[in-house]
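Data block below; observations after.
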Amino acid sequence: MTQSNLDSLLDAMTLEEQVSLLSGASFWRTASIDRLGVPAIKVTDGPNGARGEDFSGGVRSAAYPVAIALAASWNPELVEEIGQDLARETRSKGARVLLAPTVNMHRNPLNGRNFECFSEDPLLASTMAVAYIKGVQSEGVAATIKHFIGNECEYERRTTSSQIDEKTLREIYFPPFEAAVKEAGVACVMTAYNALNGTHTSQNRWLIEQVLRKEWGFDGVVMSDWTATHSTVEALEAGLDLEMPGPAKHRGEKLVQAVRDGLIDPDLLRQAARSILALGARVGAKAEDEQTQERAEDRHHTRTLIRRAGAESAVLLKNNHLLPIAPKSDLRIAVIGPNAARATMFGGGSAQINAHYAVTPLDGIKDAFPLAKIDYALGCPGDRYVPLIKQPVEISFFQSTDLSGEPVLKQDGERSEFKWFGPVAPQVDHQAFSARLRCVYVPQETGDYEVGLMSAGTSRLSIDGAPVLEAWESWERGYSYFGHGCAERRTNVHLEAGRSYEIEVDYACGDGLTTTLKAIRFGLRAPSDFGSLDHAVTLARKADLVVLVAGLNDDWETEAEDRASLDLPAAQNDLIEAIAQENAKTLVVMQSGSPVTMPWADKVPAILQLWYPGQECGNALGDILSGRAEPAGRLPQSFPAVGEDLSPMTDRPKPHDDIVYSEKSHIGYRGFQARGTRPQFPFGHGLGYGKIELVRSEVLKSACTQQALVVVVTLTNHGDLEGSEVVQLYLRGKTERVSGLAAYSKVRLAPGETETISITVPRRAFQRWSARYEQWSIHDARFQLSIGTSSETLYFHHTIERDELSTDRQD
Ligand code: BGC
């Protein structure tokens with residue numbers, strides 16, 4: 001659509017119609033104006049899949065590796081391919097806008113959304129974001145980079161203000177957003193829940209108008225995070241185009257009135273409406289979209305892509321001749337651990353999807369070693385909450401908040417959890433309703449069962465009519481369910497095998513305890529689901545080798561909450577120690593979307609960081625163990641050693657606190673350098689299957705220009721297996737305490753192969769933000785360029801004089 005077409009369309013609109021475009025019409029759609037043929041635009045979350053409308057149990061989608069895993073691949077081409085594929089997934093859900101990527105920085109390793117973000121390093125995060133967005137947008141779907149800015153803490157994210165000085169913002173936190181605008185032409189930007197330096201990001205004029213639009217030239221749509229628009233006039237004046245979700249809280253009639261009262265310049269309104277129309281035209285939104293049903297498209301291409309990406313992003317942290325495993329016919333493998341027989345695909349929150357399928361590590365290993373004898377033991381539970389029961393659960397809804405009257409609707413669920421982000425059904429008032437869940441449970445074993453109950457809204461649970469648990473009188477807001485739910489209530493009950501028990505749960509909302517999100521879950525843990533350390537140890541003793549799959553999951557790492565500690569739940573550390581003592585050939589496979597401490601690291605011969613690799617979880621693991629694929633990842637985040645004090649990054653804010661980024665740019669590996677401590681595993685570390693040596697390096701002076709420096713590096717693979725290496729270039733100015741990643745390149749080498757690669761270091765890597773002159777400039781006259789394979793493993797050092805790069809004396 002041309003500019004003049006847009007103008008005539010805007011001219012033809014009434015004030016009310018223009019205003020209607022500036023807030024969602026519903027949770028996932030902008031407004032349509034049928035009389036003028038303006039279609040609604042549907043959006044969907046991201047980032048590790050395109051979920052569609054339902055938060056839980058919706059139409060199935062492909063589950064891709066989470067963002068920290070993608071960044072661990074250090075392979076922008078792969079990430080671009082995934083972006084393209086995600087665009088197709090987005091279209092399969094009838095949507096035209098993907099609410100991804102998430103590029104907040106790994107400042108705080110306890111952040112509940114650490115898994116959803118790429119890295120602690122701005123360059124790595126920027127290159128990943130650009131690749132992801134280019135991929136998505138090459139298929140005509142709009143990407144939405146989020147959350148702009150300073151959303152590095154989930155705990156109290158709605159009430160806190162991130163206090164970040166401008167130099168730190170420019171050098172550490174802005175780069176992925178800036179690159180997304182300038183290098184990838186990102187279509188949408190989502191502001192953050194938190195405030196920046198005291199002003200809500202959704203109405204921060206400096207942030208949106210000055211930096212994003214004027215300086216970087218952004219010409220797309222700026223939307224608020226869900227329910228994070230806070231004003232009518234200020235937000236529009238600051239440049240916020242779209243209030244999400246709908247229906248409007250601060251716009252709609254309030255905005256119409258503000259224009260009539262002369263409180264807002266109608267041109268601003270027109271500009272914002274134009275952005276929405278331009279987005280619709282850019283992504284090809286059509287009136288028919290509204291009728292489009294969400295589809296589950298389980299494609300072969302996507303399956304292989306996810307499987308490949310799972311291996312390419314897994315990081316071999318340690319390997320004393322254990323991997324890969326030669327498939328012998330008499331091999332006996334003990335597969336142990338809480339994450340072994342379940343596929344842990346992604347973290348929790350809005351990034352969750354209903355995956356097409358899930359391959360567990362146990363199944364993947366069985367498939368990869370068809371001739372081996374495989375034993376399995378749980379060892380200990382890994383759940384944070386009492387596990388859901390997976391069987392039909394009937395739910396009846398009442399049009400009252402005390403379960404009075406006749407049910408107005410009955411539904412059947414597939415498990416013991418229900419979540420509603422928007423209306424349940426037209427006949428149920430979302431703001432005030434009650435519900436009764438019912439199921440008949442027949443235990444498989446006799447013994448003491450653990451029962452759990454948790455809800456956003458009040459709830460109580462009875463078994464055969466006898467009260468067992470309540471969060472009814474005692475309900476109190478906790479941090480579950482995006483901060484709308486209570487803490488889990490737990491107790492034990494004795495149940496007998498083969499008997500039928502009627503479990504009934506009452507649920508009510510409408511008393512102002514909840515906002516948009518309502519949710520209820522209950523769980524049961526059978527005696528054998530606690531696992532047995534003795535059983536696991538016995539299997540480990542008999543096995544040739546052990547694959548111990550430990551880690552976290554979507555309950556531990558989730559939106560609106562941060563982890564309490566870097567440690568694994570204690571039972572898992574005990575399990576690993578006990579198994580390692582029993583079998584010297586123990587591989588620990590760690591599943592987490594953030595660092596965990598590994599106090600047992602010296603006691604096991606091999607550790608593989610698998611992250612949350614999506615639906616092909618077990619297959620990717622099977623490929624790695626059998627050597628069909630290399631674990632070719634490198635850490636995008638430092639893994640701290642036990643006992644490292646990471647405050648102030650890990651300090652928990654109180655409600656309405658300022659979160660002061662007093663460490664400035666010293667996050668991640670920069671922080672370790674500044675403190676003079678060593679992480680357990682440094683940023684950029686990873687072994688792979690090759691034995692690759694960096695033989696020599698040279699700064700190619702003849703090829704250097706004013707804009708860039710060119711470095712050539714020669715590598716040889718001395719090993720018997722094909723392998724990859726990520727060559728990393730770090731730069732440090734003469735007056736600086738720490739160095740920063742300036743460029744990187746991933747190389748793949750066959751056994752015996754030697755290759756010389758050339759890497760370009762852009763001028764920006766030498767520049768720093770001058771707060772005094774408000775511009776980028778090269779401050780130091782001399783730099784040290786170090787070349788290696790992690791932030792701590794550096795082989796070559798070169799001195800670079802500013803004059804070699806620049807003839808521009810002003811710099
Ligand atoms: C999250 C966003 C997400 C939105 C819609 C918010 O809670 O912070 O990342 O896109 O919900 O689900």
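Counting starts at 1 for both ligands and their atoms, following the listed order. Just so it is clear, the values below take in all heavy atoms, side chains as well, and ignore hydrogens, waters and symmetry mates. As the structure is a computational prediction, the values presented were derived from the model and not from experiment.
Heavy-atom proximity to Trp28, at under 4.0 Å, picks out these atoms of ligand 1: 5 (C), 12 (O). Near Lys146, the atoms of ligand 1 lying under 4.0 angstrom from a non-hydrogen atom of the residue are 2 (C), 3 (C), 9 (O), 10 (O). Counting the atoms of ligand 1 from 1 in the order shown, those under 4.0 Å from a heavy atom of Met190 are 10 (O). Under a 4.0 Å criterion applied to the non-hydrogen atoms of Phe55, ligand 1 contributes the atoms 12 (O).
For a threshold of 3.5 Å applied to N or O pairs, the pair formed by His147 and ligand 1 contains at least one separation below that value. For ligand 1, the polar-atom distance check finds no N/O of Glu116 at less than 3.5 Å from any of the ligand's N/O atoms. For the pair Tyr193 and ligand 1, the shortest N or O to N or O distance falls below 3.5 Å.
Just one residue in the list Pro636, Pro176, Pro76 forms a side chain to side chain contact (heavy atoms under 4.5 Å, CB included) with Leu124, and that residue is Pro636.
Trp226 and Trp28 have tilted rings, their planes meeting at an angle from 30° to 60° on a 0 to 90° scale. A tilted orientation is assigned to the rings of Phe148 and Phe174, their planes being inclined by 30° to 60°. Classification of the His230-His250 ring pair by plane angle, with boundaries at 30° and 60°, yields tilted. Between Tyr173 and Tyr661, the two ring planes are perpendicular [angle over 60°; tilted spans 30° to 60°].
Counting only N and O atoms by type, the side chains of Arg88 and Thr302 include no donor and acceptor under 3.5 Å apart. In summary, the side chains of Ser350 and Arg113 do present a donor paired with an acceptor at a separation below 3.5 Å, with no hydrogens or angles considered.
Residue contact check for ligand 1: Arg113 places a non-hydrogen atom closer than 4.0 Å to it. Residue contacts with ligand 1 leave out Phe27, since none of its heavy atoms falls under 4.0 Å from the ligand.
Closest to atom 5 (C) of ligand 1, if we only count protein heavy atoms, is Asp45 OD2, 3.4 Å. Regarding atom 8 (O) of ligand 1, its nearest protein heavy-atom neighbour is Asp225 OD2, 2.6 Å. Nearest protein heavy-atom neighbour of atom 1 (C) of ligand 1: Glu559 OE2, 3.2 Å.
Using a 4.5 Å heavy-atom threshold, the side chains of Cys486 and Ser455 count as touching.
For Arg157, every heavy-atom contact with ligand 1 shorter than 4.0 Å involves the side chain, none the backbone.
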Problem set entry | Audit row: Tyr479, Glu154, side chain to side chain donor-acceptor pair (under 3.5 Å) steps and yes/no | CA-CA 10 Å; Tyr479 280 86; Glu154 284 296 294; over 6 Å; no
